[in-house]
Amino acid sequence: MIKTRFAPSPTGFLHVGGLRTALYNYLIAKKNNGKFVLRIEDTDQRRKIPGAVENLLENLKWVGIEPDEGPGIGGPDGPYIQSQRLSIYQELVQTLIEKGCAYYCFCSPERLQQLKDWQVAHHQPPRYDQHCRNLGPAAVKRLLDEEQPSVIRMKIPSEGAVTVTDLIRGTVTFPCDQLDDQVLLKSDGFPTYHLANVIDDHLMHITHVIRGEEWLPSTPKHILLYDYFGWEKPQFAHLSLLLNPDKSKLSKRQGDVAVEDYRRQGYLPEALLNYLALLGWNPGNEREIFSLEELVQEFSLERVGKSGAIFNLEKLRWMNGYYIRHYSFERLFNLARPFFPPGSETNPDKQLKVLEIIRDSLLNLQEITEKSAFFFAEHLDYNHSSIGEWLLKPEALPVLNSLSAEFQSLTSLSGARLVPLMGNVMKATGLRGKLPWMVLRCALTGQSQGPELHHIVEVLDLNQCRQRLQDAIHFVTAKRDGR
RNA sequence: GGCGCUAUCGUCUAGUGGUUAGGACACCACGCUUUCAAUGUGGUAACCGGGGUUCGAUCCCCCGUAGCGCUACCA
């Protein structure tokens, strides 16, 4: 059975790059009727952030990529949090010592630092000098008995090369003399990533390791470890990185990288997922819109690209707008409700009508707050330049007065009534064309642009319209009189 | 510095030993529209450079160049 895993460290939030990795893992698993595992790599105690695991789970749930096995979910190969598996690593690393594939190292951090400083100063590659590699058993036993702090390092063969077979990149060969005698077990008894990920992937029966490109250079060490243990290796696939607009590795500095940031701004999970799927993968035809289920059908690693992809917010925004326009209205409304202006929640019917009207213009749900504000406001602010262009024209006042009279005589309001009503206004004022319409728009909305007036008028009630026309008249006369 | 990965419009990408090098976002123009948006039509825009191989290279090979990644008792 195909089994994949997403193995983040719990450092606080789910990164969009991490989400893409999780998605690809999920897709491969689901496409093959396999399992998708979530594993928490918390072997660095210093970097642990409380609540990070819950946050991770919550965000994965939001986008609809739920692990089959993992912390809080369970599964046959748990626990799925590495800090709860310490004895497993400690036991297994001993077998490596016994086989002569690993060794105790008693070098102090200070010595290591000095070594590194010297190497850097002399333009040598910074690597461990294997000082403890050939310590005799007696010496090791003595130092251990003295309880000298120690780590366990892996032995890299002194010659040869390791070839990585990668589903995306083909074969990549690394000479052994470029590899370091990597620490496997730290002095605090925790494993390093290299040890823990190999052991866990094996014990959890992971068949495909799909992870970021930053792991490619350490993959030969992992391969060596599989061989030392005598275990079957999983398939590897290293994904290109997500980049900032300046092509550096996608980082917080240059915009939002946390999934929750996009959630907060009113991006739809389907849109974010769809966009991320296309960053590095394409279906081989010109289709771009895919549901998660459709991605499961269509996805394949063969069509995953090798080069880094810039995270293009503009296209995400477009795609989000597309999803907003094509979503089921009911679901959209449910997601949209928190974004309406405070106070408007007492009038859900109106919220609903407003959403219908402004839906096409939205790129994210957060825009609802601003774009719906005038529907719910007590009073509008007319004092800004974009509408002054219309309201401050000398012809505006007669139009407003005529509009006001017309609205007074109405007993009910509908979009269909607007055209005859405007006909009357034009007749009365002798003005035609764009201006009367724009004056009405500005008076009713406080803006020079927005949804169609006959829609607006259906939502605003008659008294509200009358009030706004009066407000606009007051504003215009006050301006005219220089107050 | 060493090792490794990568290289098609501004961006995401398709593609081929001979193509008008295709699509999408963005951008521009036009249409629709009382405004904006949505939408429709059209348009501008790309094969990193140099050598080979070949009748012919964007595509295959080599060398550069550039970008990125790794180079921890971090993941």
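Everything quoted here is computed from the prediction, not taken from an experiment. These numbers come from the heavy atoms of this one structure, side chains and all, not from hydrogens, waters or symmetry mates. Letters A, B, ... are given to chains in the order of the sequence lines, protein chains preceding strands, and every chain is numbered from 1.
- Distance alone, capped at 3.5 Å, places no donor-acceptor pair between the A:R5 side chain and the A:I206 backbone.
- With a cut-off of 3.5 Å on both pairing distances, the Watson-Crick or G-U wobble partner of B:A66 is B:U6.
- Contacts between residues 118-131 of chain A and RNA chain B, defined by a heavy-atom separation below 4.0 Å, involve A:P125, A:P126, listed by number.
- Take the nearest nucleotide of RNA chain B for A:F311 and for A:P175: the residue whose nucleotide is more 5' is A:P175.
- Listed by residue number, the members of residues 271-288 of chain A with any heavy atom below 4.0 angstrom from RNA chain B are A:L278, A:L279, A:G280, A:N282, A:E286, A:E288.
- Checking the phosphate oxygens (OP1, OP2) of B:A75, a side-chain nitrogen or oxygen of A:T43 falls inside 4.0 Å.
- Using a cut-off of 4.0 Å between Lys/Arg side-chain N and Asp/Glu carboxylate O, A:R169 and A:E213 are scored as salt-bridged.
- Using C1' as the reference atom, B:C32 and B:U41 are 11 Å apart when rounded to the nearest Å.
- Annotation: cation-pi pair A:K353/A:F375 absent, no NZ/CZ under 6.0 Å from the ring centroid and within 45° of its normal.
- One finds a side-chain N or O of A:K249 lying less than 4.0 angstrom from the OP1 or OP2 phosphate oxygen of B:C70.
- With B:A72, B:U35, B:A75 as the choices, the nucleotide that has an atom nearest any side-chain atom of A:E452 turns out to be B:U35.
- With both pairing distances under 3.5 Å, B:G1 is matched to B:U71 as a Watson-Crick or G-U wobble pair.
- A:F190 has its CZ atom 14 Å from the C1' atom of B:A75, to the nearest Å.
- In terms of modelled atom types and a separation under 3.5 Å, the side chain of A:N320 and the main chain of A:L272 share no donor-acceptor contact.
- For A:I289 against A:R287, the heavy-atom pair with the smallest separation is O-NE, 3.1 Å.
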Exercise. Does the ring pair (Phe, Tyr, Trp, His ring centres under 6.0 Å) test come out yes or no for A:F311 and A:Y275, once each step is laid out?
Worked result: CA-CA 9 Å; A:F311 188 86; A:Y275 175 67; 5.4 Å; yes
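- Rounded to whole angstrom, the span from the CD atom of A:Q45 across to the P atom of B:C74 amounts to 10 Å.
- One N or O on the side chain of A:N274 and one on the backbone of A:E288 form a donor-acceptor pair closer than 3.5 Å.
- Picking from B:G4, B:C73, B:C74 the nucleotide with the shortest atom distance to the side chain of A:D44 gives B:C74.
- Pair check for B:U41 finds B:A29; Watson-Crick or G-U wobble, both atom distances under 3.5 Å.
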For this session: Could you please spell out the steps behind the side-chain hydrogen bond (donor to acceptor under 3.5 Å, both in side chains) verdict for A:E41 and A:Q82?
Result: CA-CA 6 Å; A:E41 311 231 324; A:Q82 291 184 329; 3.2 Å; yes
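- Note: CZ (A:F106) to C1' (B:C73) measures 14 Å, nearest angstrom.
- Under the 3.5 Å distance criterion, the side-chain polar atoms of A:N244 are left unmatched by any main-chain donor or acceptor of A:Q254.
- A donor-acceptor contact under 3.5 Å is formed by the side chain of A:R47 with the base of B:C74.
- Here the separation of B:U13 from B:C73, taken at their P atoms, is 35 Å to the nearest Å.
- Between B:C9 and B:A46, the distance separating the two C1' atoms is 4 Å to the nearest Å.
- Of the residues in residues 415-435 of chain A, those lying under 4.0 Å from RNA chain B by heavy-atom distance are A:K434.
- Rounded to a whole angstrom, the distance from the C1' atom of B:C59 to that of B:C74 is 41 Å.
- Across all strands shown, A:R46 has heavy atoms under 4.0 Å from sugar-phosphate atoms exclusively, and none from any base.
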Exercise. Which is it for A:F340 and A:I368 under the side chain to side chain contact (heavy atoms under 4.5 Å, CB included) test, yes or no, and what are the steps along the way?
Worked result: CA-CA 6 Å; A:F340 281 96; A:I368 290 172; 3.8 Å; yes
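- Contact annotation: A:R303 side-chain N/O to B:G15 OP1/OP2 distance is under 4.0 Å.
- Pair check for B:A24 finds B:U11; Watson-Crick or G-U wobble, both atom distances under 3.5 Å.
- Of the listed nucleotides (B:U6, B:U11, B:A75), B:U6 has the atom at the smallest distance from the side chain of A:S307.
- With distances taken from any side-chain atom of A:T192 to the nucleotides B:C12, B:U6, B:C74, the minimum falls on B:C74.
- Between B:G15 and B:A37, the distance separating the two P atoms is 35 Å to the nearest Å.
- Aromatic ring centres of A:Y24 and A:F299: separated by under 6.0 Å.
- In this structure, the salt bridge (charged side-chain N to carboxylate O under 4.0 Å, His left out) partners of A:R331, at least two apart in sequence or on a different chain, are A:E270.
- A distance-only check finds no donor-acceptor pair linking the side chain of A:S448 to the backbone of A:I387 [under 3.5 Å].
- Considering A:R127, A:R133, A:K221, A:R153 in turn, A:R133 is the only one that fulfils the salt bridge (Lys or Arg N to Asp or Glu O under 4.0 Å) rule with A:D181.
- Listed candidates were B:C25, B:A75, B:G69. Nearest to the side chain of A:S9 is B:A75.
- Comparing the same atom, P, in B:A14 and in B:G23 gives a spacing of 15 Å after rounding to whole Å.
- An OP1 or OP2 oxygen of B:C73 is reached within less than 4.0 angstrom by a side-chain nitrogen or oxygen of A:R153.
- Among pairs with a residue in residues 109-124 of chain A, those fulfilling salt bridge (charged side-chain N to carboxylate O under 4.0 Å, His left out) read A:R111-A:D129, at least two apart in sequence or across chains.
- Within residues 436-451 of chain A, the residues that place at least one heavy atom under 4.0 Å from RNA chain B are, in residue-number order, A:W437, A:M438, A:R441, A:S448, A:Q449, A:G450, A:P451.
- Heavy atoms of A:F174 sit under 4.0 angstrom from primed sugar atoms or phosphate atoms, though from no base atom.
- Of the candidates B:U34, B:A75, B:C25, the closest approach to any side-chain atom of A:L453 belongs to B:U34.
- Between the side chain of A:Y382 and the backbone N or O of A:V476, no donor-acceptor pair lies under 3.5 Å.
- Under the 3.5 Å distance criterion, the side-chain polar atoms of A:S218 are matched with a main-chain donor or acceptor of A:W215.
- Evaluation of atom-type donor-acceptor distances gives no pair under 3.5 Å for the side chain of A:S218 against the base of B:C70.
- None of A:N25, A:T219, A:T21, A:T4 except one satisfies the side chain to side chain donor-acceptor pair (under 3.5 Å) rule with A:R211; the exception is A:T219.
- An OP1 or OP2 oxygen of B:A75 is reached within less than 4.0 angstrom by a side-chain nitrogen or oxygen of A:K186.
- As judged by a 4.0 angstrom heavy-atom cut-off over every strand, A:C176 is placed among residues making no nucleic acid contact.
- Nucleotide B:C55 forms a pair with B:G18, judged by Watson-Crick or G-U wobble geometry with both contacts under 3.5 Å.
- The gap from the C1' atom of B:G51 to that of B:A57 amounts to 13 Å, rounded to the nearest Å.
- Among the atoms of the strands shown, only primed sugar atoms or phosphate atoms (P, OP1, OP2) are found under 4.0 Å from some heavy atom of A:R325.
- Nearest-nucleotide assignment on RNA chain B puts the 5′-proximal partner with A:Y322, out of A:Y322 and A:V151.
- Comparing the same atom, C1', in B:U65 and in B:G49 gives a spacing of 7 Å after rounding to whole Å.
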